[in-house]
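This report concerns only the one structure given below.
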Number of protein chains: 2
Amino acid sequence: MDVTASSSKNGESARDRISRQSLHGEILTRLRTMIVEGDLDPGMRINEVQICEQFGVSRTPLREALRSLASEGLVELVPSRGAVVREFTAKEVRDTIVLIRTLEQFATVNACDLASDADIGEIRALHDAMEKAYEAGDRRHYYGLNQDIHTRLVALADNAALSQVHATLQARMKRFRYAGHAGPENWARAMAEHEEMIEALEARDPDRLSSVIGQHLTAAWERVADLFAETEDGAKETH
Amino acid sequence: MDVTASSSKNGESARDRISRQSLHGEILTRLRTMIVEGDLDPGMRINEVQICEQFGVSRTPLREALRSLASEGLVELVPSRGAVVREFTAKEVRDTIVLIRTLEQFATVNACDLASDADIGEIRALHDAMEKAYEAGDRRHYYGLNQDIHTRLVALADNAALSQVHATLQARMKRFRYAGHAGPENWARAMAEHEEMIEALEARDPDRLSSVIGQHLTAAWERVADLFAETEDGAKETH
DNA sequence: GTTTTGAATTTTGTATACAGAATATTGATC
DNA sequence: GATCAATATTCTGTATACAAAATTCAAAAC
């Protein structure tokens, strides 16, 4: 989501100047990452002063960031009780993934039409890098590239509102989908689906691409659904 | 979007207690309305102290509300220059309406499946009320009911993420779509399209409903596109 | 032993204060 | 008269202060 980083080697200060967000923006990015990557557990109350000390800032910009996160659907604001890391029910996760599926399928129509060969080449490069990460067993790197590919695919549709909504929903689901590639066979299947995706894109076949994405995200939900079932069992276990 | 108001006559204080949001929430609602209804012109800088005095609050909750509005895409935050009422290009409006169309068409599938007769009856009642408003020439009332109908239709799909995204996008477009019913013939056409929509819903025919919604929102864009063309001419005129 | 009540503590919600950046204004120079 | 520079003012960004609500903890009542 952050596209400010450039590849310039020197000019450190100049680049910093440009990318230097307001404190509020900086906190927003960091908190979002913490929630989305699972550093903060769902249902956990966010203690403002604690986070403030951790970040070395005052409560004002932190609270502003929390409001933004609430609008993004990553935290819930309970009156007089502050911010709570949002919990998602299985249904909410399913509904959100289905919505993401719809958005990506919508994107395919324009994407196949508008994408330049260079655009597709870049996505193919990401895909090949992802395959390498897969073979190396580097899940974190794999998953980062995986999200990038979906984001880039949607970006090809050249619809800013679509991209923004997609990014927000994808952030909400990041935690789950990461866990959704848990078992080796799940991971292998997801990889195979991606291979098909990239081929359909290279063929500029929107119907096929849409169909593959449909399968990919339906399967994604199934993988996550297993996870929810397991979690419930686990919860019972700990009683 | 605000569903807290009830129709109780007495018990004023109790109801107020319940619906009493935080200042931040109150300001957010009021500012959103002001932007969405066109009281604040796009491109206009929002002077914090001025709004604070107008609302009788301090800058802290106002700034929190502005952050939320930025996440909703209604204002833009320019570093060191504060909040600006967001301007939309013709392309952004078109892309957003097309996205809304996609979301509503997606909703129809589950809506026709899940909706109870009572649900559909309620929407029919809204539609009839809207027709009365149309015949009475009450554009504001008509338009409020119009939005309600679309919101309720999407709600029938029983997908919270979908409803939230749809509401956000609809809010962004409210100003334009209101203006989009300008001429009598535009208004009549929009009304006719809605009549077809409600019939397709009552027939629980998702394909027909989807098709009608597609036409309705494509036409909506065309009406708004005319508006953009006019505005451009008008801008030239005033030079 | 459990429940309840009430003070002590923590935490949130809002207002205010202050520093730095942006904008407006005034005066000087060409 | 126009343009530029320097100062004054305004406005934003952040920190801090204070009040009210919630939570905790302990003691008392059952």
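Lettering follows sequence order; numbering is per chain, from 1. Small disclaimer: the values here were computed from a predicted structure and weren't measured.
- Take the nearest nucleotide of DNA chain D for B:G82 and for A:P79: the residue whose nucleotide is more 5' is B:G82.
- Listed nucleotides D:dT14, C:dG13, C:dT14 differ in distance to B:L23; the shortest reach to its side chain belongs to C:dT14.
- For the pair A:R81 and D:dA21, the criterion of a side-chain N or O lying under 4.0 Å from OP1 or OP2 is not met.
- Within the 6.0 Å centre-distance limit, the rings of A:F176 and A:F228 are counted as a close aromatic pair.
- One can place CG of B:L62 at 15 Å from C1' of C:dG13, the figure rounded to the nearest angstrom.
- When heavy atoms are screened at a 4.0 angstrom cut-off, B:I46 is found touching the sugar-phosphate backbone but no base atom.
- The distance between atom CD of A:E48 and atom P of D:dT16, rounded to the nearest whole Å, is 15 Å.
- Note on A:R175 versus A:E37: no salt bridge recorded, every NZ/NE/NH1/NH2 to OD/OE distance being 4.0 Å or above.
- Summarising the geometry, the separation between CD1 on A:I27 and P on D:dA15 is reported as 8 Å, rounded to the nearest angstrom.
- Atom CG in A:L28 sits roughly 16 Å away from atom C1' in D:dG13 (whole-Å rounding).
- B:E53 has its CD atom 14 Å from the C1' atom of C:dA15, to the nearest Å.
- If you take NE2 on A:H166 and OG1 on A:T102, they are separated by 11.0 Å, rounding to the nearest 0.5 Å.
- Not one side-chain nitrogen or oxygen of B:R59 sits closer than 4.0 Å to the OP1 or OP2 atom of D:dT14.
- Between B:Y142 and B:W187, the angle of the ring planes goes over 60°, which puts this pair in the perpendicular group of the 30/60° scheme.
- Following rounding to the nearest Å, A:Q50 (CD) and C:dT11 (P) show an atom-to-atom distance of 9 Å.
- Using a 4.0 Å heavy-atom criterion, one finds that A:L66 contacts no nucleic acid atom at all.
- Under 4.0 angstrom from either OP1 or OP2 of C:dT11 there lies at least one side-chain N or O belonging to A:N47.
- Rounded to the nearest 0.5 angstrom, B:R67 CZ and A:R63 CZ are separated by 13.0 Å.
- In this structure, A:F55 atom CZ and D:dT14 atom P are separated by 14 Å, rounded to whole Å.
- Listed pair A:R63 / C:dG13 meets the phosphate criterion, a side-chain N or O lying under 4.0 Å from OP1 or OP2.
- Among C:dA15, D:dT23, D:dT16, the nucleotide with an atom closest to any side-chain atom of A:S58 is D:dT16.
- In this structure, CZ of A:R45 is placed 14 Å from P of C:dT10, rounded to the nearest angstrom.
- Residue B:T60 has no polar side-chain atom (N or O) positioned under 4.0 Å from OP1 or OP2 of C:dT14.
- Contact annotation: side chain of A:S80 to base of D:dA22, donor-acceptor pair absent below 3.5 Å.
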